[in-house]
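What follows is a set of notes on a single structure, which appears directly below.
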Amino acid sequence: MISPEERRLRTIAVMAEILEIDASAIAGDQRLREDLGMDSLGSLELLSTISEELRLDLEMERAMEIRTVDDACAFVEQHYAEQHARAGVGV
Amino acid sequence: MSEQEPLAWALSRAGELHAALATEAASHEESERLGVVLSAVKRFGRSLDAFAIDREARLPREALREAAHMGLFALTIPERHGGLGLSLKGACRAVDALARHERGIAITVGLHNGLGTQGLCFFGSEAQRQRYLPELASGERIASFAATEPGAGSDLLAITTTARQTEGGYLVSGEKSYVTNGGFAGLYTLLVRTPHLGRAAQSLMCIEAGAPGLAVGAEEDKLGIRGSSTVSLHLDDVYVPAGQVLGEPGRGSEYAHALLAWGRTLMSGGCIGIAHAAVDAAASHVRARKQFGKHLSQQPLVQQHLADMAARVYAMEALVRLTGAAQQGRAGIDLLSAFAKVFCSEGAFDVSDQCLQLHGALGFLEPTGVARLLRDCRITRIFEGANDVLLVRTAASLLAGVAASAGAPLSPQVAPELAGTARAFDELVDRLDARTAQLRKQHGVALVRKQALLAALARARVSLTAALASLLRGTGETGQEARSLAEHAACGLLADATAQLHILEGEEHAARQERARGIAEQLCQEAPR
């Protein structure tokens, strides 16, 4: 079982891989579009890759509201918590 | 403002849209101005030697001067700045009329009145508008828009032309490709990176022709629209004063999307003109040509083709008018303009192709002018957003954010003669909404990778929206011919939507996509280097 911090690091690592930049260049308050050049489709593709890596079912709803790196990490964390609560596994 | 899903938007306003879709102009007052423009365009169009323009790949300067004299560069510029102030809907009709005669001038005028000038109209300061719009309206300056680069076509976030801050403004360096009107423009609106505002922040800037450091490349040798100007631009530390930035620095990407929505709609007007010319040419030919002792026009299959062509044009007009009505009603048109662009560009090609087929071998020869229709319209499936990209993106938007509610049923809101087809429409919308919800639940965000499904979803929506527009237009118009065309158009489009639903409801798409991936990988590996 991986920790929330590790999930965050893996989310950012996926972003870095997609954007072809160093993960250390990505900060939580950076905007996906204006700062990282990721448009709405790019954000969805990012979430799709993360869902495969972390074996999470991520819903389409509210995905378009993600604006920053922190938003994306919070979105992943929320789904992780919900999925594991359904499975009766502690977070 | 976020855009409501087009079907839901139109269904909620069906009662007021009947009249809007039955007219070419946005208002009674505009119809008089538009009437004057259309008469002038007809005279002007007939004066052009379209064959010579295509052969020499050049619009004569006298033609540009005449177009300016007639006000064709003033169509969408506000009246207080010397323009005609036509709505998007009215301007589309004017571009349609031009395109029936010659597409080089239609593209020139369309680009100028859309992407070229609307950046100033929407986002410019009053000082910028006063400085440039009168000259643009008179045609003293022709406008151009430069976004595409060698490494950034559909993906405009990948542009590398950069504006670095300097005293009083910026120094801009980079390269732009496929710049329409670029060879004779007096003012360029450029999309550039402004990295001091964010790693991927972009801005729109105006650059005057002749600016030191700005070099214009040679005209491209094109398959079609050969009279229009298409060049590359090379910028080497071109100084742009801060006062030449349009709107807020850093919002260029958002502004470009808004401008592209206008540009795609105007381009769709041009596609309608091409398709009209094709229908007219086909009808004239089949009326005159005899084979097997009969005129072609008496052959049932030929009649079917001709009716399908005319119905397609009817639906194209209806969908563009729907987009114009949405724009006038201050609704967002990002999705609708993309729908119109895909539908009309494919429609123009299909109708032109069928026109050539009906002409037989004669259609293959340049002197009939039919081949030129096909050559001229081919680019429309590519520029202003390649169709496959638009389909995948609009589907992703529809799935992830825009409300996909179908709204009120259509059948009670159309003429009685069209109610049966409208009921079939209502059933298909319900079926599409249900299957969309199932796919979202089944796949979640992974759906975004299933591009064949996304394309089918978008195509189904495009066909249904065009069917809706046709039925509303047919309800607003009087006369049996209109009702007949509306019914024929809608029936064909519902069949198209049903075919896309078949793809969406089937389970073999995953296997198909995997098989396609294997075949494509092999081909690319073996392709000549």
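Chain A is the first sequence line, chain B the second, and so forth, proteins listed ahead of strands; every chain is numbered from 1.
Contacts between A:Asp35 and chain B at a heavy-atom distance below 4.5 Å involve backbone atoms as well as side-chain atoms. Residue contact with chain B, scored on non-hydrogen atoms closer than 4.5 Å, involves the backbone and the side chain of A:Glu45 alike.
In terms of heavy-atom pairs under 4.5 angstrom with chain B, the leader among A:Leu44, A:Ile21, A:Leu36 is A:Leu44.
Judged by distance alone, the side chains of A:Thr68 and A:Gln30 never bring a donor and an acceptor atom under 3.5 Å apart. Under 3.5 Å, the side chains of A:Thr49 and B:Arg449 contain a donor-acceptor pair of N or O atoms. With no hydrogens or angles considered, a side-chain donor-acceptor pair links A:Asp22 and A:Ser24 at under 3.5 Å.
Salt bridge annotation for B:Arg461-B:Asp433: present, with a cationic side-chain nitrogen under 4.0 angstrom from a carboxylate oxygen.
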